[in-house]
Visitor: 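Got a structure for you, questions after.
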There are 2 protein chains.
Amino acid sequence: MKKTVLVFSLLILALLLLFQFSKYTVISGDLNIEYIMAIIAIAFLGIGIFINKKTQKQPETSNDQINLQKVEELGLSKREYEVLKEVALGLSNHEIAKKLFVSESTIKTHVSSLLLKLNAKRRTQAIQISKDLNII
Amino acid sequence: MKKTVLVFSLLILALLLLFQFSKYTVISGDLNIEYIMAIIAIAFLGIGIFINKKTQKQPETSNDQINLQKVEELGLSKREYEVLKEVALGLSNHEIAKKLFVSESTIKTHVSSLLLKLNAKRRTQAIQISKDLNII
DNA sequence: AAGAAGCTCATACTAAAGTACTAATTTGAT
DNA sequence: ATCAAATTAGTACTTTAGTATGAGCTTCTT
């Protein structure tokens with residue numbers, strides 16, 4: 001938000017400067033009007049592209065990046081988060097247990113509390129929710 | 001590609017028309033130069049944003065695009081594919097049955113054959129595999 | 001040191017998920 | 001019209017998944 005204000009302020013400033021410059025050069029006859037128009041057109045084309053890139057980058061990066069802050073917000077413990085990632089990989093409780101060198105009942109405990117925290121009824125729903133929250 | 005050429009052709013045409021228009025109005029004194037500049041600036045700002053949006057949509061869609069050809073390669077029927085998408089949404093067999101107006105046993109049949117075709121042991125694994133193959 | 005939180009594990013359940021058939025219709029293509 | 005594939009649905013069964021509860025142990029904080 002602060003950046004947006006700054007960018008627009010600079011934009012308005014540039015516009016005003018350009019006006020003054022163009023008025024001066026047209027009157028003094030140093031440049032003809034076509035050049036000034038072309039410069040303005042190109043400049044604002046670039047500014048348009050730049051602004052759009054900035055606004056479009058936000059969803060892009062937030063889509064690919066895993067949001068570890070969200071994990072904390074949800075109150076997921078380190079182990080629960082670890083189990084969640086294995087669940088999302090399509091492993092069964094038994095397979096996860098073997099992989100993490102613990103018993104299956106331990107995994108069940110983790111999964112149960114993880115489902116509660118994610119507000120999911122099933123592990124498949126937990127996967128979907130986690131994907132939406134960008135935590136996996 | 002054809003669209004790009006068309007867009008740029010129209011862009012150049014618009015530019016030329018604008019030049020002629022501006023030259024006329026400035027000389028005739030109907031409008032002062034600031035207005036024309038402002039119009040050009042806003043127009044090209046919009047064009048810049050528009051172009052950028054078009055070019056940035058390409059990688060987005062190509063990354064997310066679902067590979068329907070792969071679905072056929074796997075031998076998934078229309079209904080099986082439909083069920084798969086619901087499974088990936090995190091729904092239970094019972095919920096899918098209600099949503100598609102069929103019995104739960106029908107969904108079970110679909111899921112079973114779908115798992116076979118995807119070479120998955122569980123529905124969670126099917127989700128993972130489907131995601132890798134870009135079919136959901 | 002005491003308490004809270006996290007990790008572990010067990011038992012005993014209930015509830016889903018998944019398999020293996022069989023079978024009746026329906027649909028689509030030759 | 002006929003044959004193959006698809007959709008539907010059922011029964012009976014096994015396997016996972018998930019819940020509830022209690023409990024021992026470790027780690028970190030106050």
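Every chain is numbered from 1 and lettered A, B, ... according to where its sequence line falls, protein lines coming before strand lines. Hydrogens, waters and symmetry mates are skipped; everything else that's a heavy atom, side chains included, is used.
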Visitor: Restricting to nitrogen or oxygen on both sides, can you table the protein-nucleotides 14-19 of chain C pairs closer than 3.5 Å?
Guide:
from	atom 1	to	atom 2	distance (Å)
C/dA17	OP2	B/Asn93	N	2.9
C/dA17	N7	B/Lys108	NZ	3.4
C/dG18	OP1	B/Arg123	N	2.7
C/dG18	OP2	B/Arg123	NE	2.7
C/dG18	OP2	B/Arg123	NH2	3.3
C/dG18	N7	B/Lys108	NZ	3.3
C/dG18	O6	B/Lys108	NZ	2.8
C/dT19	OP2	B/Ser112	OG	2.8

Visitor: Can you tell me the distance, in whole Å, between the CG atom of A/Leu116 and the P atom of C/dA5?
Guide: 16 Å

Visitor: Side chain of B/Glu80, backbone of B/Ser77: donor and acceptor closer than 3.5 Å?
Guide: yes

Visitor: How close or far is atom P of D/dT16 from atom CD1 of A/Ile96, stated in whole angstroms?
Guide: 13 Å

Visitor: Once you round it to whole Å, what is the distance between C1' of D/dT16 and CD of B/Gln125?
Guide: 14 Å

Visitor: Is a side-chain donor-acceptor pair under 3.5 Å present for B/Ser103 with B/Thr106?
Guide: yes

Visitor: How long is the straight-line distance from CZ of A/Arg123 back to CZ of B/Arg123, given to the nearest 0.5 Å?
Guide: 11.5 Å

Visitor: When you check the phosphate oxygens OP1 and OP2 of D/dT7, does a side-chain N or O of B/Thr106 lie under 4.0 Å from one of them?
Guide: no

Visitor: Counting neighbours of CG on B/Asn119 that are heavy atoms of other residues, nucleotides or ligands and sit closer than 6.0 Å, is the number greater than 12?
Guide: no

Visitor: Counting only non-hydrogen atoms, which of residues 72-86 of chain B are less than 4.0 Å from DNA chain C?
Guide: none

Visitor: Got a donor-acceptor contact below 3.5 angstrom from the A/Tyr81 side chain to the A/Leu114 backbone?
Guide: no

Visitor: Roughly how many Å is it from CZ in A/Phe101 to P in C/dC7, rounded to a whole number?
Guide: 18 Å

Visitor: In this structure, how many angstroms lie between the P atom of D/dG18 and the CG atom of A/Leu118, rounded?
Guide: 12 Å

Visitor: Using a 4.5 Å cut-off on heavy atoms from C-beta on, say whether the side chain of A/Ile129 contacts that of A/Gln125.
Guide: yes

Visitor: Which distance, rounded to the nearest 0.5 Å, do you find between the CG of B/Asp132 and the CG of B/Leu118?
Guide: 11.0 Å

Visitor: At under 4.0 Å, does any side-chain N or O of A/Ser103 touch on OP1 or OP2 of C/dC9?
Guide: yes

Visitor: Is the shortest side-chain N to carboxylate O distance from B/Arg122 to A/Glu95 below 4.0 Å?
Guide: yes

Visitor: Run the salt-bridge test on B/Glu82 and B/Arg79 with the 4.0 Å N-O cut-off and return the result as yes or no.
Guide: yes

Visitor: Ignoring backbone atoms, establish whether A/His110 has a side-chain N or O less than 4.0 Å from OP1 or OP2 of C/dT8.
Guide: yes

